[in-house]
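Below you'll find the structure, written out as structure tokens, and then a few comments.
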Amino acid sequence: MWQTVLRRVLLMIPQLILVSILVFMLAQLMPGDPFYGNLNPNSDLATIERMRHAAGLDLPWYEQYIKWVGNVLHGDLGTSYVVNKGWAVTRIIGQRIWPTLSMGIIAAILTYFLAITQALLAARNENKLIDRALMVWNTMTSAVPSIVFYFIMMVLFVYIIPIFPISGTGIDDSQNFTTNFFGNLSYAFLPALTIALFSTNSIFQYLRSNLLDQQAQDYVRTARAKGVQIKDVFRKHILRNAFLPIASGIGYSITGVLGGAIFAETIFGYPGLGALFVQALSGRDYTVITALMLLQGFLALMGGLLSDIISAWVDPRIRVK
Amino acid sequence: MKEKLLDAKDVSVAFKIAGEYQTALHKVNLSINRGEVLALVGESGSGKSTFAMSVMGLHNPEQTQVTGSIKLNDNELIGLTERQFDKYRGVSVGMIFQDPLSSLNPLMKIGDQIAEAITVHDKQSKEVKNRVQQLLLDVGIVDAKRVSQQYPHELSGGMRQRVMIAIALANEPDLIIADEPTTALDATIQAQILDLIKEIQLKKNAGILLITHDLGVVAEMADSVNVMYAGQIVEQASVEELFNNPKHPYTRSLLRADPSDVNPGEDLYAIPGTVPALNDMDHSKDLFLQRVPWLNDEVVNAPVSEELQKVNAQHYVRGNVWKTFEFEEPVNNEEQV
Ligand SMILES: Nc1ncnc2c1ncn2[C@@H]1O[C@H](COP(=O)(O)OP(=O)(O)O)[C@@H](O)[C@H]1O
Ligand SMILES: [Mg+2]
């Protein structure tokens, strides 16, 4: 098993190189750049050219790439030109990663908790009222456009029942998230819950039908023949088998948080990597953009690895190979 | 005096199919004594498993009607609540199924699956580990320690079936139901598993309901035989009686169609047609006669008494056709060499 993991990790190196080239070229292809983007009537074009030259932006892309890779290997992702002007990108990311990570983990826990409890409830009461109600609810959440959904959540939990603090008010952008970790964590709940409610439905549908399939399997009959109560059969036998095909998705859902975060963070004014990405994008803050895309690529690869490890951990039939 | 273990009277089962209840088992009477191996034979679709599941109380209550009386050690089973049934399953009766791979949970260690059969009825039970090891030894698995740490996919078919037997035996049940226990296994393994079941039955003096469509297995294992067709018992006899003196046309057809029993030079008989669908069964007739082409409609459609006819004290048959039934000799020009 650990050999497989090691092999997978080594395989990630060429994949990462490919991702880095791709990411770098994509950033270059974007129209505008950090200096022209801030153009105003008082700007002196000569100064801008000097700044571009100093940043190396006038070099051909492959020379920039090689320089950049060299720096990345030394742990230097460059400095921000726009978002936090003059700050090291690693410092910005190091600060912004905590809000996103904590939100992502809370969202993942909520997602799976909601999906599993709903699916169990539905499958154990197949075709009864509760099952139908859950089916309708989950079809609804998957049909509502996300923008409407976010708006409803916002209105509901901020104005009508304000149990969660909304971000951008108490949380301090420049202060390190970890210094008041649990205080700041409370801001994560609303965006996390929104992400969770939104991503629960597909897992619910899948898990519910898996549970029903598994319920008809022979090993369930064996457990019943032993005298195990049906609710314990669900808990000890059916759930794990039904969860198997979904387990591999957990890895991706944790590492895929960055994608989901872009929308949620921007709407809820939550100062994580997602919001940072939007800021950096509109400011053409190259160094920040490339670093974030590289991080995303790295996380996607890690997600694959994590998913394989989880699958092998849950399924002994995979473990042996 | 033989002690009656299982006593089933007028057991009928109907499944709800497309909103309507359809009869799969019609007034089955059958009893098993302590220490007796009773074989239930019949083609696939006859209702054998349906009967076994009624004894286990494992039919889906929302889609199945079970009526009549099933008594185990004089305790009525029909009408028990789910919770009452849970306490009796695995304790008074253990069951072995056809496919041991799909019948074991693929994600659970063998040892844990056997242990569950014990702990589910005895939470305080100490020495569970030892008992699991002992059960594995009892079913002929010598390296019990290692096997109990393995998963089902790591074992051979024969080993898996031994594990299933260990699970069924975990609480020393009075009755063991084996539903086609060797059908999914190779011939050599089949013999070993049958030997094991026989050995256990002798040692524990349990009653066994052995479900099979293999007459060779019946001859080797059973004390008495019930032949089932289209949800009804058509013949009941001791093994000797059944093989030496079969009466019902269905039993005789099965024997004639048995590949292990065909004489050299003789053609193997193939019973024409199949068991009728549930919605196509009129249980007031002898349903098998529809599959005997040379009988005339009057005989085929004649109403048949619900009581089995007595041949002798060890032998009962359904209907009266057996008194006159003869096979039509095969037409010679169909024989091709
Ligand atoms: N749960 C069920 N729902 C509907 N029909 C069933 C069900 N179980 C069995 N049957 C039907 O009942 C008949 C007897 O089946 P079964 O008892 O499995 O036969 P056997 O075990 O002798 O092969 C078959 O026609 C089968 O299709
Ligand atoms: Mg069957």
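What you see below is based on every heavy atom in this structure, not just the backbone, and it leaves out hydrogens, waters and symmetry mates. Sequence lines set the chain letters: A, B, ... in the order given, protein chains first and strands last, and positions in each chain run from 1.
Of all heavy-atom pairs spanning B/R160 and B/P152, the tightest one is NE-O, 3.0 Å.
When atom types are taken as modelled, the side chain of B/H59 and the backbone of B/T50 share a donor-acceptor pair closer than 3.5 angstrom. Between the side chain of A/N125 and the main chain of A/L121, a donor-acceptor pair closer than 3.5 Å is present.
Atom CZ of A/F113 is surrounded by 12 or fewer heavy atoms from other residues, nucleotides or ligands within 6.0 Å.
Put simply, of B/G57, B/S102, B/G94, the one with the most heavy-atom pairs under 4.5 Å next to chain A is B/S102. Top candidate by heavy-atom pairs under 4.5 Å with chain A, chosen from B/E82, B/K87, B/R83, is B/R83.
Only the side chain of B/E62 comes within contact range of chain A, with heavy atoms under 4.5 Å apart. With a threshold of 4.5 angstrom between heavy atoms, B/L107 approaches chain A through its backbone and through its side chain.
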